[in-house]
Amino acid sequence: MRTVRTVAALREALRQHRAAGRGIGLVPTMGALHEGHLSLIRHARAHDDVVVVSLFVNPAQFNERSDLERYPRTERRDAELAGAAGADLLFAPSAEEVYPPGFATAVEVLGLTERLEGAARGSEHFRGVTTVVTKLLCMVDPDVAYFGQKDAQQVVVIRRLVEDLNLPVRVEALPTVREPDGLAMSSRNALLSPAERRRALALPAALEAARARAADGERTAEVLVQTSVAHMRELGVEPEYVALMDPDTLEPIEELAGAALLALAARIGDVRLIDNVLLAPEGASKPRRPLPGKALA
Ligand code: AMP
């Protein structure tokens, strides 16, 4: 696997593949790679001729300076892991390469970005995400781009962006990979103390509590949401939000009738974590595999 740091070197490396008609898959990441990222890379390896992994800790999407400063940076290890998982090319640009002097353009998806993470983190968060993802798609020009369902709102926003801007790429979302005890893998988990790491289990536990209520036939969104909220509080964690919504439009729902996304966020100490699970009515009549497990969300 080769590492390239400039757009020119990236395009040069991809030129022959493109000319030969090879399919290119892109996995955008901010590094500190874990099994969640590696599952995306392995999936790309299995389905695309050429696998590009981008590694860029995008300053524009961090609404808290301290979060950006302490975000784990482990490029050498990331390169080894990405290569072993099947990446052909690691694109690891500097901030100046992505945002050169005079950079003045932003890509913004309206509406969808104003709820949940957008409401909690401010509009600059998603503007940073959508701008950098648009740039990465323009730089790499992949046939397929892979994202994790762990960031469910991000997937919805990027699908909207790709459709609205007629970008010639297919967006694929892959399931959340969890630790054996159910905690969704996240680069930020490394920042948790052992006690915080234990408390963080309140997130998957809260999702599981609501999922179990839905499996027992509960259909009222408010009851399902409050089940999660109460469960988190019992475990000593105050949720930032818990919401049940349409998985495609992110509109809040009142009754569980079709598939619905239950998403939540909470701070464990200084570390902000998010998680979600997809609830489906058939999951209520035929119990789905409970959390912890790798198949949900
Ligand atoms: P990040 O480096 O956190 O920006 O994540 C890069 C990509 O990996 C995003 O598409 C994430 O949704 C995805 N991802 C992060 N954590 C997980 C996980 N636990 N399971 C699956 N995908 C993940």
Side-chain angles (χ1 to χ4, degrees), residues 25-45 51-64 67-68 70-75 77-79 81-82 85 87 90-93 98 116-117 121 125-126 128-137 140 142 144-159 161-162 169-192 197 200-201 203-204 207 247 261 263-265 271-278 291-297:
L26 169 65
V27 180
T29 83
M30 297 205 299
L33 299 187
H34 51 65
E35 274 301 313
H37 301 112
L38 299 179
S39 72
L40 302 181
I41 298 170
R42 289 193 200 104
H43 187 94
R45 175 74 283 152
V51 178
V52 181
V53 173
S54 63
L55 192 177
F56 180 57
V57 183
N58 176 30
Q61 73 188 68
F62 283 80
N63 51 307
E64 286 177 30
D67 189 25
L68 173 62
R70 70 188 169 174
Y71 199 84
R73 289 170 174 79
T74 55
E75 185 186 317
R77 182 172 168 275
D78 290 345
L81 290 172
L90 183 70
F91 176 48
V98 178
L116 306 174
E117 288 299 282
R121 301 183 66 177
H125 165 63
F126 272 119
V129 170
T130 47
T131 301
V132 85
V133 169
T134 305
K135 282 180 67 85
L136 288 168
L137 293 174
V140 178
V144 193
Y146 298 94
F147 296 88
Q149 182 63 22
K150 152 93 184 340
D151 297 277
Q153 186 179 13
Q154 174 171 279
V155 172
V156 175
V157 167
I158 288 167
R159 285 195 196 284
L161 159 85
V162 162
V169 62
R170 196 173 85 238
V171 172
E172 274 201 34
L174 298 180
T176 301
V177 178
R178 297 177 180 280
E179 300 285 357
D181 62 8
L183 182 67
M185 291 198 180
S186 164
S187 304
R188 289 186 178 89
N189 292 352
L191 303 173
L192 297 168
R197 171 68 182 73
L201 288 176
L203 278 77
L207 294 175
L261 182 71
L264 49 76
V271 183
R272 192 171 174 282
L273 298 177
I274 59 172
D275 201 351
N276 68 82
V277 68
L278 209 52
L291 289 170
K294 297 189 178 179
L296 286 175

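The structure presented is a predicted model; accordingly, all values stated were derived computationally and were not measured. Just so you know, ligand 1 is whichever comes first in the structure, and atom 1 is the first atom listed for that ligand.
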query: Between A152 and L261, what is the shortest heavy-atom contact and its length?
result: CB-CD2, 3.6 Å

M185: numbered ligand 1 atoms lying under 4.0 Å from its heavy atoms: 16 (N), 17 (C), 18 (C), 19 (N)

- prompt: With only distance considered, is H37 within less than 3.5 Å of ligand 1 through an N or O on each side?
  reply: yes

field: Contact check: M30 vs ligand 1, nitrogen or oxygen atoms, below 3.5 angstrom
entry: yes

message: Is any side-chain heavy atom of F91 closer than 4.5 Å to one of L26?
response: no

task: Among all protein heavy atoms, pick the one closest to atom 20 (N) of ligand 1 and tell me residue, atom and distance.
output: V177 N, 2.8 Å

task: Compare all side-chain heavy atoms of L183 with those of N189 and state whether any distance is below 4.5 angstrom.
output: yes

message: What's the separation between atom CG in L116 and atom CD in Q154, rounded to the nearest 0.5 Å?
response: 13.0 Å

Atoms in ligand 1 with a heavy atom of T29 nearer than 4.0 Å: 2 (O), 6 (C)

message: At less than 4.0 angstrom from any non-hydrogen atom of L40, what atoms of ligand 1 do you find?
response: 7 (C), 8 (O), 13 (C)

- line: Numbered in order shown, the ligand 1 atoms found under 4.0 Å of a heavy atom of F147 are 10 (O)

message: Looking only at protein heavy atoms, which one is nearest to atom 11 (C) of ligand 1, and what is the separation?
response: D151 OD2, 3.1 Å

- line: Taking only non-hydrogen atoms of H34 and a 4.0 Å limit, the atoms of ligand 1 in range are 15 (C), 16 (N), 17 (C)

message: Among T74, V27, I41, which residue satisfies the side-chain contact (heavy atoms from CB on, under 4.5 Å) criterion with L33?
response: I41

message: In the structure I gave you, are the side-chain heavy atoms of L192 and L273 within less than 4.5 Å of one another anywhere?
response: yes

task: Indicate yes or no: does an N/O atom of K150 lie under 3.5 Å from an N/O atom of ligand 1?
output: no

task: Measure the spacing between NE2 of H125 and CG of N58 and express it to the nearest 0.5 Å.
output: 9.5 Å

field: Residue, atom name and distance, where the atom is the protein heavy atom closest to atom 10 (O) of ligand 1
entry: G148 N, 2.9 Å

query: Taking C-beta and beyond as the side chain, do P204 and R178 meet within less than 4.5 Å on heavy atoms?
result: yes

- prompt: So do the side chains of D181 and R197 get within less than 4.5 Å of each other, counting heavy atoms only?
  reply: yes

statement: The closest protein heavy-atom partner of atom 21 (C) of ligand 1 is P175 O, 3.5 Å

task: Enumerate the atoms of ligand 1 whose separation from the nearest heavy atom of P28 is less than 4.0 angstrom.
output: 6 (C), 7 (C)

